[in-house]
Structure formats: structure tokens, C-alpha cells
Peer 1: 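Quick one: the structure is below, and I'll ask about it shortly.
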Amino acid sequence: MDLLLHPIPRTPTTLSAEDLLARRRAVLQGLASCFSMSEIRQYHSQLIRLGLSSDNDAAGRLLRFCAISPAGDLLYALRLFQRLPNPDPFIFNTLFHSPFLSSPLLIYTQMLLRSVHPNQFTFPSLFKSLSSVCDPRSLSAGRQVHAHVFKLGFHSDSFSQNNLISFYFSCVIPADARQVFDKMPHRSVIAWTTMVGGLCDLGFVEEARNLFDEMPERNSVTWNAMISGYVRNGSYLQALRLFDLMREEGFELEKFTAASLLAACAGLCALEQGRWIHRYIERNGIEVDTKLATTIIDMYCKCGCLEKAYDVFNSLPTKGISSWNSMIGGLATHGRGEEAIKLFGEMEKEMVPPDDITLTNLLSACAHVGFVDQGRKLFDRMVLAHGINPKMEHFGCLVDLYGRAGRLREAEKVIDEMPMEPDASVLGALLGACRIHGNVDLGERIGKRVVELDPKNSGRYVLLANLYAIAGRLEDAANARRLMDDRGVKKETGRSMIEKDCVINEFVAGDKAHPEAREIYDMVDEMLQRIRRHGYVPDTGGGLQDIDEEENPLCYHCEKLAIAFGLMKTKQGETMRICKNLRVCRDCHEASKLISLTYEREIIVRDRNRFHHFKGGQCSCNDYCDHVRFDLPSITMTTSDIFKIKNKSLHRVHISTPNSSKSEHGSLQVQYDAAVKIMLIKNPKF
DNA sequence: GTAGGGTTAG
């Protein structure tokens, strides 16, 4: 029976005033250690019996648990609230504090209607509540409350003002946030930090940095707001540089900054620096809670050090869901699907219920190794066994799972039957699969949709153009690339990074900016010569390339430059770790295998999608990756064809030299006459 | 007799 709707009749009490007070005290004390709604109900019934159901103090404590605790019940809190004859500001403020409240303005209106005066705690929690509510009306509600802040004399209260700044940032109105900030009579370090964090959240990193540089006073939170702002915006190098500055100014590394920096190292594949931070944490006794542990595990996984990630994972006394998730995710990207599934088994044994991320990671683990049926089973059991409703990313994984395996019809069926409109990433998975398996008809249909859904993403156009190119439809390829140019979308430049002595060395194909460029290029030549003896045939030749860096000659691809640098700088037996922003092209993939064999060196490459561990002439991906898995057709082009395409700016699609027709990979062969050949040699851009 | 602002994972 619901206590609130049917209050228990108060039993006539013979308690003396002292006894009543003592009982009241006991109930209030008990309430402080409540952790479930059933206990709350019991205490509530006792309060009713004692005639204290209208007591604001007692009701406030009940309400606090119901409204705020994850084990609470907001509806119960609201019913309690409605029955209070004279709720005080504390009651209202507590409701604003609830993470589950969907209409904070309604409560605020009631507050005004019932003539309850807001106090200094009211506006901070009200703005916070308005910030977290996903309601387009929140902005106008917030503006009205902003006016009240002034009217009621809280315009110099720093708590209210800081929350107001955060509120405007949450509504993506940085100008208004700035205006509040500028008008503040006294700007505390917290107000500055709120501005820095808010600007970074919206991607205005430079503006944030300018403000950061202007700050009259900084503390460790401020430093971390800026460092983590860089990390959140992918500016990992700047994050590490700012950390150097932070140390120069005498600030010690603490927990939050360590976490941000570990994320930066993960982004850069900067294992040496990541290790340094981990050691610092251990040496200085920084508390490793679940979140920090997850960050450390993630760093080791993303830097290609799975075994070290395992060590950290296994050493955790209690493992949170995110620790399991990042370990399973790490195994997935390293192509160790079987272990990922085994680890999931252990997780189930330990009765840790999986969440949607666990399932995403597991499905991706299956997709990377081709466990199609196992992945499908996991997907089918999601709702029934784990109570998790599949989201967009799960459908994306399922499409990827079927697509990579070449089961394109089933992948398309998933898309047709999914309950929501597929987004660009889901369709992109199918497009990628079409390219791998050479299904131009389906790929064209999907590719056109993807390009329109995600028009600013250069990768989508490149994928579509490559799909056309490998099918010999050069004009269509040229058109796809031209569409990208016309829309002002710039292709992401391929970059490879390798860390040496805590310095990140970055390479771009054909680029000679590195101080040791000359030696590096000599090393590439030597490297290629050596692997040729082991059967390496450059993939350059074939003509139209299935690559992302097609403007540059294949032999000086950024990845080969990084490997050459690594060979120069690492000792025999030392593992090389390279991080690339795009996917590894087929030629570099083949070359890396042979380099690992001839130089007896383990090379770990992280690309956009996954890890490749090259060792003894093999890759851990077993070639089950993004490279086309069919024999490319051969086409014949006449001079006029080439000129026709040239006019459509096809110079971006590689046109080969004749000797490449020997390529074992069945690359496209292009035949052309002598005149064109000379032109091609003289004008490599053509 | 109770409460508030800025920084960390997948």
C-alpha cells in the first residue's frame, strides 16, 4: 500500500514531549544511514505515526534521499513535497539538486507562487538543473531566472554567477557566458576556470588558451582544465607541452592532471611518457581509483602494450565496469577476439553486469577477427540476457561484422530492419565493406547516402572514389573527388608518429622537414632494397591505388619514413611502435611484414581502426583488415581517356608506370602511349 | 539541522 496516498492514521500517542523529541532524534539519525527506498518507507511511516509528516526538517531528509540518491525515487519525493503545507527553501533546493528532475522551472514557479524566498543555494542548483535538462525551452527559462538573480540581489553571489556561466555554455551560447563573466564584480579563479573549461567544451581551444594566459591566478584545477581541454579537442601535443610549463611554474602532478596526460599519451601512442606518468603515480602514492585505473589501462592498450594493460587490470582489487570495458576494448582493437570473449566470460562469472559499451567492444572484437556467428549470437542475446537495448553503434558493429566477412546482403538486411534511421557510421561500415569486397553497385548506392549524411568528412568521399577507382570507373572516381573539392572539404593528411626519448617524431609522406630527413630517406631506400630480395613487389605500379595517400609516391609513405626512423633509433630486439591517423595501406602493410622478417624486429602499428603487430613476416590481423580482398580488374585506357579524366581532376588517382603491371596483387594496369608516359613522369601530379 | 561553483575513463 502506498503510504503517501493512504497515510496511516495517526495512533493516539501518550508520548511526553521529551520522548517525542528523543524518538524524532532517533528517526532522523536512522535516516542518515538509509540506503534503500524500503528503509525510507519505514522511516516515513514512523514519522507519520509521530505526527511529524509535515515537519520540514524530517521531510527534507526523506526527500533528499528520494530526490538525489541513485537508489531513490523522484516521484516519491514529489508526492512528499506536494503534501508539505509549508515547504522551506531547503526543500525546493533539494529538488533542484535532483539529477532526475525534468522540469526544474515548474518547481521554481511553485516556489514563487508559494512565496518561498530563494536563498543563496537556490540559483546554483537551479542553473545546474536547467543545464542538465535536454529541453530547448531551458534557454528561455534560464534567461528568466537570470533576471530573477538580479532582481533578488544575487548578482554578486559568485556561486550563482559561476553556475550561470556554466548554464550558458551548456546552451552553447559562449557570448552570454562571457558577458556574465565580464560583468562579475569579483572574478574568482573558479570563474576563470569555468570559462576555460566551457570554451574548451565548445571547441574554442585557442580562446580558452588566451584566457588561461591572462589569468591573474592559477591553481592545479585551472591547469588541468586547460590540459584536459586540449585532450578533449585532440590537441595532445599541446597538452603535453602545457604540462611542461606547469612543472616549470612549480606545480606538482596530481590525480586529475595525470589522468588527462595519460589520455594525451594514449592519443599519441606515447608509451614512454605514459609509462613515466604511471610510474609517477605509483611512486607518489596518487590514489588509483576506478576511473584513473581505466585511464591507465586504456593508455597501455592504445600504446600497443596489452600485457602491461593486463598487469594493471589484474592488480586492481576491485574492478569497475569501465575497467572491464577498456580491457575488452583493448583486446578487440588488437585483434585478440577470442581473449576478449574469454574475459567477458570471467566478467559474467564475477557477476558484473555488462553495459552497452561492453557489448559494443565485444561486437567489435568479433568483427575484427571474423567471428560472425558468435557476434550475431551476442547481439541477439543483448536484450534478453543483459537487458540492453541495441543502440546505433551496436547496429554499426553488426553491419561491420557481416560486411568485413563479405556477407553484404546480411549487412544490408541489418540496415533495412533496424528500428532507427541508420547514421553515417552505420552506412559507412557497409560502404567500407563494399570497397573491401568490390561490390560497386551496392557501394555506390550507400556511398552517395553517406556522403550526403556526413558531407564534411573527407574519408567518405575518398572511400567512394576508391571504390569507383578499383572498379575501373575512373570518371566517377574523379567526380567523387571533385565533389569533395567543390565543397571545400580537405582530405586529411596521412601522418605517422613514433616516439623516441619522450619526443614524438611525426612524418608526412614525402615530407623532408625532419632534421634527419636525409638519413631517413636513405634508410627507406636501403630498407626497400633489402625486402625486395625477400620478394617485395611495390604496389605502386598497378595504376589505381587502393590507398589514402595517393598524392605521394608509395615508397616514401609516412609509415615507411617512421619505420626507417625506428630502425635507425632502436636496438635489435626492441619493439617499434607507430601510430597512424589513417588506415594502413596495402603496400605499407606488405612492406612492414617483410621488414619485420628481414630486420628481425617487431613492429606494432596502430591505425585508424585497429592494431597490426608485425613479426617474423606475419601480421596479427592475418590480413583480415581494410584491404581489398579481390583481384582488381585490368582496364585499358587510351590517351584521350586519360585527358578526359585529367580534366575532371583525376590527377589525384594514381596512374602507374608500365613496369608495375607485374604486380602480384592484380592492380589495375594502365596502358598509354609514349607521349602520355613522358608527361606522367615529368608531372607527377598528373 | 540540512546544501552550492571549476578538473579524470569506455
Side-chain angles (χ1 to χ4, degrees), chain A residues 24-25 28-29 31-32 55-65 67-68 88-97 118-129 131 154 157-167 169 181 184 187-201 212 215 218-229 231-232 254-264 266 281 286-299 301-302 320-330 332-333 354-361 364 393:
Chain A
R24 180 180 180 276
R25 204 173 304 129
L28 293 187
Q29 262 174 9
L31 263 175
D55 179 298
N56 274 337
D57 178 17
R61 287 159 197 260
L62 280 174
L63 202 130
R64 195 170 147 68
F65 181 90
I68 293 165
D88 62 9
F90 179 79
I91 300 285
F92 286 93
N93 297 348
T94 305
L95 286 176
F96 295 140
H97 214 70
N119 63 14
Q120 76 270 33
F121 295 109
T122 303
F123 296 110
S125 28
L126 177 52
F127 283 127
K128 211 170 197 183
S129 185
S131 305
F154 291 103
D157 174 59
S158 61
F159 284 88
S160 300
Q161 299 294 306
N162 292 335
N163 278 292
L164 187 49
I165 294 175
S166 298
F167 166 75
F169 275 125
F181 176 74
M184 279 175 87
R187 287 179 214 119
S188 68
V189 63
I190 295 175
W192 285 87
T193 311
T194 308
M195 283 298 297
V196 168
L199 287 169
C200 287
D201 274 345
F212 177 85
M215 284 181 72
R218 298 188 195 114
N219 59 23
S220 60
V221 179
T222 325
W223 281 97
N224 190 48
M226 193 61 236
I227 290 174
S228 83
V231 175
R232 274 175 286 146
E254 48 78 61
K255 191 169 148 187
F256 286 107
T257 317
S260 303
L261 292 169
L262 285 166
I281 290 170
I286 292 178
E287 185 212 353
V288 180
D289 61 10
T290 320
K291 282 188 176 180
L292 189 56
T294 306
T295 320
I296 298 170
I297 294 169
D298 192 49
M299 183 276 292
C301 287
K302 290 204 172 125
I321 175 76
S322 47
S323 314
W324 289 96
N325 286 351
S326 49
M327 201 59 232
I328 292 173
T333 53
D355 65 7
D356 52 331
I357 296 160
T358 323
L359 266 298
T360 308
N361 291 351
S364 128
E393 56 264 38

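Below, chains carry the letters A, B, ... as their sequence lines are ordered, and counting in each starts from 1. Computed from a predicted structure; not experimentally measured.
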Peer 1: Tell me, for nucleotides 5-10 of chain B in 5' to 3' order, what letter each nucleotide earns: B for a base near a protein heavy atom under 4.0 Å, S for only sugar-phosphate near one, - for neither?
Peer 2: BBBBBB

Peer 1: If you look at every strand shown and take non-hydrogen atoms under 4.0 Å, does A:Gln120 touch a base, only sugar-phosphate, or nothing?
Peer 2: base

Peer 1: Can you list the residues that meet the side chain to side chain contact (heavy atoms under 4.5 Å, CB included) rule with A:Ile321, with sequence neighbours excluded?
Peer 2: A:Asn325, A:Met347, A:Val352, A:Asp355, A:Thr358

Peer 1: Between B:dG4 atom P and A:Phe96 atom CZ, what is the distance in whole Å?
Peer 2: 15 Å

Peer 1: Using atom CD1 of A:Ile91 as one end and atom C1' of B:dG1 as the other, report the distance to the nearest whole Å.
Peer 2: 12 Å

Peer 1: Would you kindly give the CZ-to-P distance between A:Phe65 and B:dA3, to the nearest whole Å?
Peer 2: 16 Å

Peer 1: Between atom CG in A:Asp57 and atom P in B:dA3, what is the gap in whole Å?
Peer 2: 11 Å

Peer 1: By salt bridge (Lys or Arg N to Asp or Glu O under 4.0 Å), which residues pair with A:Arg187, not counting sequence neighbours?
Peer 2: none

Peer 1: What is the separation between atom CG on A:Leu31 and atom C1' on B:dG1, rounded to the nearest whole Å?
Peer 2: 13 Å

Peer 1: Provide, to the nearest angstrom, the distance between the CG atom belonging to A:Leu63 and the P atom belonging to B:dA3.
Peer 2: 14 Å

Peer 1: According to side chain to side chain contact (heavy atoms under 4.5 Å, CB included), who are the partners of A:Ser158, at least two apart in sequence or on a separate chain?
Peer 2: A:Asn162

Peer 1: Verify side chain to side chain donor-acceptor pair (under 3.5 Å) between A:Thr122 and A:Asn119, making sure each step is shown before the conclusion.
Peer 2: CA-CA 5 Å; A:Thr122 303; A:Asn119 63 14; 3.2 Å; yes

Peer 1: A:Ile281: what forms a side chain to side chain contact (heavy atoms under 4.5 Å, CB included) with it, not counting sequence neighbours?
Peer 2: A:Ala258, A:Leu262, A:Ile277, A:Ile286, A:Val288, A:Leu292, A:Ile296

Peer 1: Tell me every residue that passes side chain to side chain contact (heavy atoms under 4.5 Å, CB included) with A:Glu287, counting only those two or more places apart in sequence or in another chain.
Peer 2: A:Lys255, A:Asp289

Peer 1: Applying a 4.0 Å non-hydrogen cut-off, can you work out what A:Asp356 is touching in the nucleic acid: base, sugar-phosphate, or nothing?
Peer 2: nothing

